[in-house]
Amino acid sequence: MKRIPWEQYFMEIALKVATRSTCDRAYVGCLLVNDDNRIVSTGYNGSIVGNPHCHDVGHTMRDGHCIATIHAEMNALLYCAKEGISVKGCTAYVTHFPCLNCTKSLIQAGIVKIYYHEGYRMDDYALQLLNHNGIEAVQI
């Protein structure tokens, strides 16, 4: 039996992680994977721990964005920060192309490559930053 490629395997897991999202505007999942093909962290979009979830109380909207939600990429990075886990050299697998702020955070944290499933709201400046920093973003 032929095994599926790592990229497909990790993206399928990211898609499953997205099903835990609590903001129904977009179900987003993120995996951070090290260079040994080990999952370092997962994240999905949702409210701050202990706060009401969008799917329970509705959205808190500002400028077309739900500000109650922490994005999947940030949740994955913040877990690592809280637990003291390095993400330097990791690859991100995200169900949706990262927003500008998440792109900046992924770059600053040391992510070296981004795979995404859906090209959702692809910001030109985010693409410019990725290019400038030598980080490949690949749609799969």
Side-chain angles (χ1 to χ4, degrees):
M1 178 172 104
K2 185 178 176 189
R3 299 191 314 172
I4 63 173
W6 285 113
E7 293 81 9
Q8 181 183 348
Y9 171 74
F10 290 128
M11 187 56 73
E12 287 178 10
I13 295 172
L15 290 163
K16 182 55 89 175
V17 169
T19 65
R20 292 279 306 152
S21 296
T22 62
C23 183
D24 59 6
R25 295 190 74 238
Y27 294 93
V28 182
C30 176
L31 256 68
L32 302 179
V33 178
N34 69 18
D35 58 1
D36 290 331
N37 289 319
R38 299 287 181 199
I39 297 170
V40 172
S41 182
T42 66
Y44 52 87
N45 57 325
S47 297
I48 296 170
V49 173
N51 286 261
H53 296 290
C54 298
H55 65 60
D56 294 330
V57 298
H59 303 284
T60 305
M61 299 298 293
R62 185 177 297 157
D63 299 326
H65 299 280
C66 180
I67 60 171
T69 298
I70 298 175
H71 290 186
E73 302 91 329
M74 291 303 297
N75 270 324
L77 290 171
L78 291 168
Y79 170 79
C80 290
K82 184 168 62 173
E83 298 298 327
I85 301 167
S86 175
V87 297
K88 184 178 179 182
C90 284
T91 297
Y93 291 83
V94 191
T95 58
H96 296 64
F97 186 85
C99 73
L100 176 58
N101 285 328
C102 287
T103 297
K104 292 189 292 185
S105 296
L106 291 167
I107 292 168
Q108 193 73 359
I111 299 301
V112 296
K113 192 168 191 174
I114 299 170
Y115 289 100
Y116 63 97
H117 186 262
E118 185 178 330
Y120 176 76
R121 292 187 180 182
M122 295 177 70
D123 186 275
D124 289 337
Y125 189 60
L127 290 167
Q128 182 181 341
L129 286 172
L130 292 171
N131 184 53
H132 179 77
N133 289 278
I135 298 170
E136 188 178 8
V138 179
Q139 185 172 20
I140 54 174

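Residues Ile107 and Lys104 have side chains not in contact (no heavy-atom distance under 4.5 Å, counting atoms from C-beta outward). Taking the side chain as every heavy atom from C-beta outward, Met74 and Cys102 approach each other to under 4.5 Å. You'll find the side chain of Pro98 reaches within 4.5 Å of the side chain of Leu106, heavy atoms only. Within the 4.5 Å cutoff, the side chain of Tyr79 has no heavy atoms near those of the Thr42 side chain.
Note that CD of Glu73 is 10.0 Å distant from NE2 of His96, once rounded to the nearest 0.5 Å. Atoms OH and NE2, from Tyr27 and His55 in turn, are 7.5 Å apart once rounded to the nearest 0.5 Å. To the nearest 0.5 angstrom, Asn37 atom CG is 8.5 Å from Thr91 atom OG1. Rounding to the nearest 0.5 angstrom, the gap separating the CG atom in Asn101 from the NE2 atom in His65 is 9.0 Å. In this structure, the separation between CG on Leu100 and OG on Ser105 is 9.5 Å, given to the nearest 0.5 Å. The CG atom of Asp35 lies 13.0 Å from the NZ atom of Lys113; values are rounded to the nearest 0.5 Å.
Side chain of Asn133 to backbone of Ile135: no donor-acceptor contact under 3.5 angstrom is found. Checked by atom type and distance alone, the side chain of Thr95 pairs as donor or acceptor with a backbone atom of Gly29 at under 3.5 Å. A donor-acceptor pair under 3.5 Å is formed between the side chain of Gln139 and the backbone N or O of His117. The main-chain N or O of Leu129 is never found under 3.5 Å from a side-chain atom of Asn131 such that the two would form a donor-acceptor pair. Here the side chain of Asn34 pairs a donor or acceptor atom with the backbone of Asp36 at under 3.5 angstrom.
The hydrophobic cluster containing Leu31, built from Ile/Leu/Val/Met/Phe/Trp/Tyr side-chain heavy atoms closer than 4.5 Å, also comprises Ile4, Trp6, Tyr9, Phe10, Met11, Ile13, Leu15, Val17, Val33, Ile39, Tyr44, Tyr93, Tyr115, Val138, Ile140.
The minimum heavy-atom distance linking Thr103 with Ala126 is given by the pair OG1-CB, 3.7 Å. Smallest separation of non-hydrogen atoms from Leu77 and Ala109: CD2-CB, 3.7 Å. Between Ser47 and Pro52, the closest heavy-atom pair is OG-O, 2.8 Å. Closest non-hydrogen pair, Cys90 versus Val40, comes out as SG-CG2, 3.9 Å. For Val112 against Gly89, the heavy-atom pair with the smallest separation is CG2-O, 3.4 Å. Closest approach of Arg25 to Gly64, counting heavy atoms only: NH2-O, 3.4 Å.
Around the CD atom of Glu83, the shell of radius 6.0 Å holds more than 12 heavy atoms that belong to other residues, nucleotides or ligands. Heavy atoms from other residues, nucleotides or ligands lying under 6.0 Å from CG of Asp124 number 12 at most.
Following chains of ILVMFWY side-chain contacts shorter than 4.5 Å, one can reach Tyr125 starting from Leu130, so the two form part of one hydrophobic cluster. By the rule that hydrophobic residues join a cluster once side-chain heavy atoms approach within less than 4.5 Å of another member, Leu32 and Ile85 end up as members of one cluster. One hydrophobic cluster, built from ILVMFWY side chains closer than 4.5 Å, holds both Ile111 and Leu127.
Every residue two or more places apart in sequence or in another chain was checked for a salt bridge (charged side-chain N to carboxylate O under 4.0 Å, His left out) with Glu7, and none qualifies.
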